[in-house]
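This chain uses plain numbering: 1 for the first residue, then up along the sequence.
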Amino acid sequence: MTEKSFRIRARHFRPGYAAAVGATVVFLMPVVPASAQWAVYDGANHVQNVLIAARTLLQIDNQITSLANQAQMLVNQGRNLASLPLSTLSTLQSTISQTTALLAQAQNIAYSVQSVEQQYQQAYTSVSSGMSDSALFSQAQTRWQNSVGGFEDALKLQARVVGNIPSDNSAMTQLVSASQDSTGALQAAQAGNQLMALQSRQLSDIQAELAANGRATALERARNAATEAESEAQYQHFAQHDAYTPGTVSMFGSSGN
């Protein structure tokens, strides 16, 4: 078809016919799939997602920190519950047993209420003028032996207390060192308790020494009091004899020179 004939035919097209043809052409055009469209960027939604992710990471970090703190707390509790490896209880008990055994070896009048009542009454309060000289002498001898024995017991106990000083010093050094090197509250408390036990044992030594010294002093005072009663009884014995009869005594021979 030539250009001239095309122009002639185009002149014969009516407007309505052209509109119909255009609608048909539009109707026959293929539909473009949705996947071929361009994606739309939502900036506000992106910022919101970033904030949510940041908050989530912060929560996870806080949980990790909390777990670490709990683990450290458990470690500290384990240290606080750890027992002190040092114990001086057996040494303290042995020392107290030795002191108690030494007190039990008290001579004559022992540390017993019943023994004191019985022996004290026999040797110290039963002195009377009706007793014979031999009985008075025997009781005086018993009282003297009690006094000497009491002082001897006191000296032995003093030697025992002084002998405990080196071992006490060693125990105190070990306990103080253990307290300073303790890893937890329980070890420090146990070291402090053992130090208090050591002080209690030392106080018991002082108490025993005071008791021994007081016993010796009391026996000596009781002997002095009984001696006064004994002197009175001996004077009564002397006064019961016949009066003295004077007589002639030759001091330088019978010549009187």
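- Between the side chain of Asp61 and the backbone N or O of Leu57 there is no donor-acceptor pair closer than 3.5 Å.
- Side-chain atoms of Gln194 come within 3.5 Å of backbone N or O of Leu86 as a donor-acceptor pair.
- Ser200 contributes atom OG, which lies 11.5 Å from atom CG of Asp205 (distance to the nearest 0.5 angstrom).
- Thr56 places a side-chain N or O within 3.5 Å of a backbone atom of Ile52 that can act as its donor or acceptor partner.
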Give the C-alpha distance, both sets of side-chain angles, the deciding distance and a yes or no for side-chain contact (heavy atoms from CB on, under 4.5 Å) between Arg215 and Leu219. CA-CA 6 Å; Arg215 173 176 176 268; Leu219 289 175; 4.1 Å; yes

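- A donor-acceptor pair under 3.5 Å links the side-chain atoms of Arg143 to the main chain of Ala123, judged by distance alone.
- Around CZ of Phe137, the count of heavy atoms belonging to other residues, nucleotides or ligands within 6.0 Å does not exceed 12.
- At least one donor-acceptor pair closer than 3.5 Å links the side chain of Thr99 to the backbone N or O of Thr95.
- To the nearest 0.5 Å, the span separating CE on Met172 from OG on Ser167 amounts to 11.0 Å.
- Pairing each heavy atom of Ser83 with each of Gln187, the nearest pair is O-NE2, 3.3 Å.
- Not one N or O on the side chain of Ser138 forms a donor-acceptor pair closer than 3.5 Å with the backbone of Ser134.
- No side-chain donor from either of Asn108 and Gln119 sits under 3.5 Å from a side-chain acceptor of the other.
- Remark: side-chain polar atoms of Asn69 are paired, donor with acceptor, to backbone N or O of Thr65 under 3.5 angstrom.
- In terms of heavy atoms, Ala208 sits closest to Leu103 at CB-CD1, 3.9 Å.
- Summarising the geometry, atom CD belonging to Gln118 is positioned 10.5 Å from atom CD1 belonging to Ile109; distances are rounded to the nearest 0.5 Å.
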Checking Glu230 against Gln139 for the side-chain contact (heavy atoms from CB on, under 4.5 Å) test, could you report, in this order, the C-alpha distance in whole Å, the side-chain angles of both residues, the deciding distance, and whether it holds? CA-CA 9 Å; Glu230 180 186 5; Gln139 284 194 355; over 6 Å; no

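- Side chains of Ile206 and Val161 form no contact here, defined as non-hydrogen atoms less than 4.5 Å apart.
- Closest approach of Leu157 to Ala212, counting heavy atoms only: CD2-CB, 3.5 Å.
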Determine, stepwise, if the pair His46 / Val50 fulfils side-chain contact (heavy atoms from CB on, under 4.5 Å). CA-CA 6 Å; His46 178 72; Val50 171; 3.9 Å; yes

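- Ser182 places a side-chain N or O within 3.5 Å of a backbone atom of Ser179 that can act as its donor or acceptor partner.
- The neighbour count for Gln107 CD, taken as heavy atoms of other residues, nucleotides or ligands under 6.0 Å away, is above 12.
- Ser132 places a side-chain N or O within 3.5 Å of a backbone atom of Ala135 that can act as its donor or acceptor partner.
- At distances below 3.5 Å, at least one donor-acceptor pair connects side-chain atoms of Ser97 with backbone N or O atoms of Gln93.
- Every residue two or more places apart in sequence or in another chain that forms a salt bridge (Lys or Arg N to Asp or Glu O under 4.0 Å) with Arg223 is listed here: Glu220.
- No chain of hydrophobic side-chain contacts below 4.5 Å, direct or via other Ile, Leu, Val, Met, Phe, Trp or Tyr residues, connects Leu155 to Leu102.
- Gln199 CD to Leu92 CG: the interatomic distance, rounded to the nearest 0.5 Å, is 11.0 Å.
- Side-chain heavy atoms closer than 4.5 Å link hydrophobic residues (I, L, V, M, F, W, Y) into clusters, and following such links, even through other members, never connects Trp144 to Tyr124.
- When all heavy atoms of Thr183 and Ala82 are compared, the pair lying nearest together is OG1-CB, 4.4 Å.
- Annotation: side chain of Glu117 is in contact with side chain of Val113 (closest heavy-atom distance under 4.5 Å).
- How far CG of Leu58 is from CG of Asn62: 4.5 Å, rounded to the nearest 0.5 Å.
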Run the numbers on Leu84 and Leu186 for side-chain contact (heavy atoms from CB on, under 4.5 Å), then give the verdict. CA-CA 7 Å; Leu84 188 71; Leu186 180 59; over 6 Å; no

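- To the nearest 0.5 Å, atom CD of residue Gln98 and atom CG of residue Asn164 are 7.0 Å apart.
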